[in-house]
Each structure stands twice: as structure tokens, then as C-alpha cells.
Amino acid sequence: MAAGTWLRIADALKAPVGTAVTVKGWVRTRRDSKAEGGLSFVALHDGSCFDTIQLVITGSVGNYADEVTKLTTGCAIEADGVIVATPKGGVEIQVDPARNAGQGAVRVLGWVDDPDTYPIQPKPHSFEYLREVAHLRVRTNTFGAVARVRHCLAMAIHRFFHERGFYYVHTPIITASDCEGAGQMFRVSTLDVMNLPRTADGKAINFGEDFFGKESHLTVSGQLNVETYCMALSKVYTFGPTFRAENSNTSRHLAEFWMIEPEIAFADLAADAQLAEDMLKYLFTTVLTERADDMKFFAERIEKTAVDRLKHIVEKPFLRLTYTEGVKILEQAIAKGQKKFEFPVKWGTDLQSEHERFLTEEHFKQPVILTNYPKQIKAFYMRLDDNCEPDRQTVSAMDILVPGIGEIVGGSQREERLDRLDARISEMGLPIKEYWWYRDLRRYGTVPHAGFGLGFERLIQFVTGMQNIRDVIPFPRAPKQADF
RNA sequence: UCCCUGUUAGCUCAAUGGUAGAGCGAUCGGCUGUUAACCGAUAGGUUGUAGGUUCGAGUCCUACACGGGGAGCCA
């Protein structure tokens, strides 16, 4: 028999019966039988798919008693064998030199030191515990599945934009401008914190002596930068890490997270909303197709509706609703005694989590695109709507709300008219000088344009049903949490 | 940051203010084409940290650390 080819487990599981193969991976479980002069069943995983492949190793393997029967969860091995059919209709690998000459061997590549304290045991672990061993948790079926789905979604995002003529723009991680808007920022500095230079009057830190010659921080958004490229390349997007130094302790916030921010020229809010809807549907369709194995697991063990709700969402158009209409629905629900809220509903104030959840989870039971919010609760760069009632000025903003997560996308048409933009900047007390280059975009060939931000981790949460955002990123960074 | 709640064996959890327990995992043995295997035995503990109350604290009190749920901020 010819020497077996090294196959990934995903491929070995699809190989025809009789194929000689070599597989390499890590042991998930081992069970022994004394039948037939010794028989061990080893479940092996290598990350190529959700399923393990079962090795059936007989006592005729040279190192059977010395090594095979001492394998524990986590050991790394490679094995030569032959694909055979199982009674249940699948395939497994027979590792038996007595039956297949030259195709029955197990080589141990790495033992597990002290199996008693190996953190990943063949039993259910709490996600909280696994977070403490984040360097090893990807070896579990849940975190392996999350990692593959995360990859699948990242690739699908790039493919979606590439296929539609978007350019991928690498916006900076470090920013020395103080104009990215709200949100506490992380300082980037090489100054000696034990001996900070002072300004001449001694009242402030002299950042002129710092690495960049001015105060600098980690970015909280690539939007303003990507708008510059939009004003030449028409269709662009960023996909990179984003940092917020907010003291947020929730299952939906991270200090370091990844965000997708497309920006389209010659476009209004309706086009923006359509782009976001098309993208989400493309991503859901892709993950259901490419990671059916992992999605089946999420539906079985993590969130029953994981697969069905994605299929359901792909089938029909998202609902579009203005903020004003949303407020009316909430007010009617209160008036009818249909629903009681902790916080009052009032036009002009931001919707609370409970209000958003009512709309998307109870009233409509589907994703909802809320548009045209009051200007006082939205950012300076959002376009003022025309023909508004007095005292009811709105902006061309949109939030996409989904059941279970709440806001997954936030976007807007941008204010392309310089006079209106300047008015908004001064109205909100922002330092207009800092915006000189952003304002230039309105001075030199301004056009209507729009864009949105999609939180990558929230997308993964929604797709997988994982409840805590810290479990959908390999090494979560959050207040008091920067291990690994 | 605020409210609630939790921290006991490698892991998941019990234990009325009075001798520290179980299941799983690990180790050893038995049985078995096993797959959440099963049966028996063995090992495994400064009860998150620091104080306090008490004859006596895993249990009651205080502070702190860390986790979880909710809220705010948002993606």
C-alpha cells in the first residue's frame, strides 16, 4: 500500500473508504477496550472543521502499551491509517499495522505535562473559567467554532466589498487629532511618566516634547479619515481595530474591538441603509453555507434559533421606520397599557435599550432600520434633514436594530454643505481649527455621501448566539482585563 | 461608574455558627466497537485577600480584589 498523504481532518472525513492517510492533531478524548488484544478510540481535532475524526488504534501498533494507552486530552499526535466506514454511516481511521501493512502507526509529538491539572478537560466548562485560560480555550469545540465563524465573516466582508468595487483603506491606528468625536481615548506617549515635562508656566504637560510633538491617542473611529479617500475613490471601507477607554462593564462592550466602516460617495441615507442590509444578508448567507457545521453546533448548544433566525432574516426586506414613527409606536403601546417602560418615551430624547428591544423583539420581531433622529442626540457630521418642522430638526442618521443585540449598525448621510457643517461644529462647542482637513473635503468638490459602522464582534455575537462579547474575540481587552 | 449577586478540590457545585462533601476530571484496576461509556479503588482543600464578632466562622460583619446579571456610554 502506498504511503498515506497528510490530510486535514476536514478532508479526511470526506475521503473515500480505503484511502491511506496521515492525520495530525490534538487528542480530545481517549477510550480503551481490551477486545481484540487491545483497542483504543481516540477523537482527534486539528481545527479544520467542527468534527473530530475517530482513530481506532489496535494493540498491534508498536507503541500501543507504552504510549497510545497513555494519551490524554490535549496530547499532540500524528497517525497513519486507512479510512474505513463506521457502523453509523460515517468514516473513521483504522490504525492497525496487522491489517494494513505500513499504514498503522501513532507518533506522539507532544505530551500533556501533568494531565490532572491540564485546564481543558473533556467535560463542559463555564465560559467564565475558559476566559481565564484564553491561550488554551480555542481547543474546545465552542471556541474553535467561534474562531472559524469569525474568520469566515471577516473574509466574507472583504469579498462583499471587493465584488462591489469598494477599496479597502488602511486608516491610522494612532491619531493626533482631537476631532474624532465622543468617547474616552487611550493616550499614546513615550514621555517618562515619572518625570513629565511641563509647559513654561508649569501648569500643563508639555506634549511638544512627546513622540509626535502633540497629544496623541489610539483611534476611536476611522470614519473621518476614510471620508477623505471616499472623496476620490467613491466607494471605500475600513476594517480594523478601534479603541475606547470607556469604563464599560457589559457583555456588549470591549476596550479594543474591530469595526467595519464603509463610505460611499454620490449616495444618500436610503442607499446607505440598503448597503448595510445587503451586506448583512450576504454575510448571513455566507456563514450558513461555509460554516454549516459550526452553525449547527451553535443552534444545538448555544442558541436554539441561531440558524433559523439568520435564514428568516435573509428572506425578507428589513423594516424601515423613522425615529418619529418609532416614538409614536412606543407611545401607543404605553397608552394602550400594552407595555410598561422604566424610562419615559419623549420625542427628542434618545431611545433606551428597553425601547429598542421592544421595537425589534416584540413589536416587529425582525431587524428594524430606524432613521432620521433628532439632531440633538446625534453627531455633528450627520446631514441636517431638509423641510423639518420648527423644533423638530432631524438628521439623516440610521441605526439597525436586531433582536437580542440591539444596535448592530449605526450610520448616516454626512453633512456635505460647509456652512451647515460649520454651524453644527460651533453649536456643539467643538474646536473648529482641528477640523481643517475634514472641512477641506467640503471646500474642494464636495458631494453627497454616506456611511456606517458595523461592530464586528457584535456581528459575531448575533450570528453565533454567544452571549458575552468577550467570548467572540481571541484575547478580550476590557476594564481590568488585558491578560495574554 | 451605579444597582444586584457570586468567589469552597483541576472543573461544576453542596455543607442549620459546631468533624470539609458529591459529581465530573486525573491515577490504578475491571468490563466493553467505544463515542456525555460503565463498575470499583486511590490521591486531591490555609473555603478569593485582609481585618473583625464569637468558646468556636466556609457560614455573621467591614474593606478590598476578581467574576456574573442589569443600567449608563456605545459598536
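Letters go in sequence order (proteins before strands), and every chain restarts at 1.
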| query | Is the charged tip of A/R159 near the ring of A/Y282: under 6.0 Å from the six-membered ring centre and within 45° of its axis? | reply | no
| said: Strictly under 4.0 angstrom, non-hydrogen atoms only: write out the protein contact profile of nucleotides 28-42 of chain B, one letter per nucleotide from the 5' end, B, S or -. | reply: --S-BBBB-S-----
| query | On a plain distance test, is the side chain of A/S248 in donor-acceptor contact with the base of B/C74 below 3.5 Å? | reply | no
| Think A/Q352 has a side-chain N or O under 4.0 angstrom from the OP1 or OP2 of B/G72? | yes
| task | Only counting residues at least two apart or in another chain, list the ones meeting salt bridge (charged side-chain N to carboxylate O under 4.0 Å, His left out) with A/E457. | result | A/R150
| request: Taking the six-membered ring for Trp and the single ring otherwise, decide whether the centroids of A/F341 and A/F358 are under 6.0 Å apart. | output: yes
| With nearest nucleotides of RNA chain B determined for A/T72 and A/N249 from heavy-atom distances, which residue corresponds to the more 5′ nucleotide? | A/N249
| Rounded distance in Å between the P positions of B/U47 and B/U19 | 15 Å
| note | Per atom distances to the A/T250 side chain, the nearest of B/A71, B/G10, B/C74 is B/A71
| Between A/N468 and B/G69, is there a side-chain N or O to OP1/OP2 distance below 4.0 Å? | yes
| task | Tell me, please, which residues at least two apart from A/R139 pass salt bridge (charged side-chain N to carboxylate O under 4.0 Å, His left out). | result | none
| message | So, does A/S353 get its side chain near the phosphate of B/G72, meaning an N or O under 4.0 Å from OP1 or OP2? | response | yes
| query | Side-chain donor or acceptor of A/D116 under 3.5 Å from a matching atom on the base of B/G44? | reply | no
| task | Starting from P on B/A9, measure out to NZ on A/K123 and report it in whole angstrom. | result | 12 Å
| task | Just call it for A/S126: base, sugar-phosphate, or nothing, with non-hydrogen atoms closer than 4.0 Å on any strand. | result | sugar-phosphate
| note | Looking only at B/G25, B/U12, B/G72, the nucleotide nearest the A/H253 side chain is B/G72
| What do you reckon, are the aromatic ring centroids of A/H217 and A/F186 less than 6.0 Å apart? | no
| task | Report the distance from atom CD1 of A/I369 to atom OG1 of A/T360, rounding to the nearest 0.5 Å. | result | 11.0 Å
| said: Using a 6.0 Å cut-off, check whether atom CG of A/D113 has over 12 heavy atoms from anything other than its own residue. | reply: no
| message | Base, sugar-phosphate or nothing for A/Y129? Non-hydrogen atoms, less than 4.0 Å. | response | sugar-phosphate
| query | Residues from residues 470-484 of chain A sitting under 4.0 Å of RNA chain B, heavy atoms only? | reply | A/R470, A/K480
| message | Ring-plane angle category for A/Y438 and A/F380, please: parallel below 30°, perpendicular beyond 60°, tilted otherwise. | response | perpendicular
| query | When rounded to the nearest 0.5 angstrom, what distance separates CG in A/L330 from CG in A/L359? | reply | 4.5 Å
| query | Got a donor-acceptor pair under 3.5 Å from the side chain of A/Q121 to the base of B/G10? | reply | yes
| Euclidean distance for C1', B/G56 against B/G17 (whole angstrom) | 8 Å
| task | Determine the stems involving RNA chain B; a stem requires 3 or more consecutive pairs of the Watson-Crick or G-U wobble kind, each with both distances below 3.5 Å, and the answer is none if no such run exists. | result | B:1-7 with B:65-71, B:10-13 with B:21-24, B:26-30 with B:38-42, B:48-52 with B:60-64
| request: Spell out, as yes or no, whether a donor-acceptor pair under 3.5 Å connects the side chain of A/E92 to the backbone of A/L55. | output: no
| message | By nearest atom, which of the nucleotides B/G72, B/A71, B/C11 is closest to the A/R357 side chain? | response | B/A71
| request: Quick one: sort the A/F456 and A/F239 rings into parallel, tilted or perpendicular, breaks at 30° and 60°. | output: perpendicular
| request: Quick one: label A/I408 by what it contacts on the DNA or RNA (base, sugar-phosphate, nothing), any heavy atom closer than 4.0 Å. | output: sugar-phosphate
| request: Quote, to the nearest angstrom, the P distance that separates B/C13 from B/U1. | output: 26 Å
| note | Residue set satisfying ring-ring contact (aromatic ring centres under 6.0 Å, His included) with A/Y64, at least two apart, ordered chain then number -> none
| message | Nearest to the A/N247 side chain among B/G25, B/A71, B/U1, which nucleotide is it? | response | B/U1
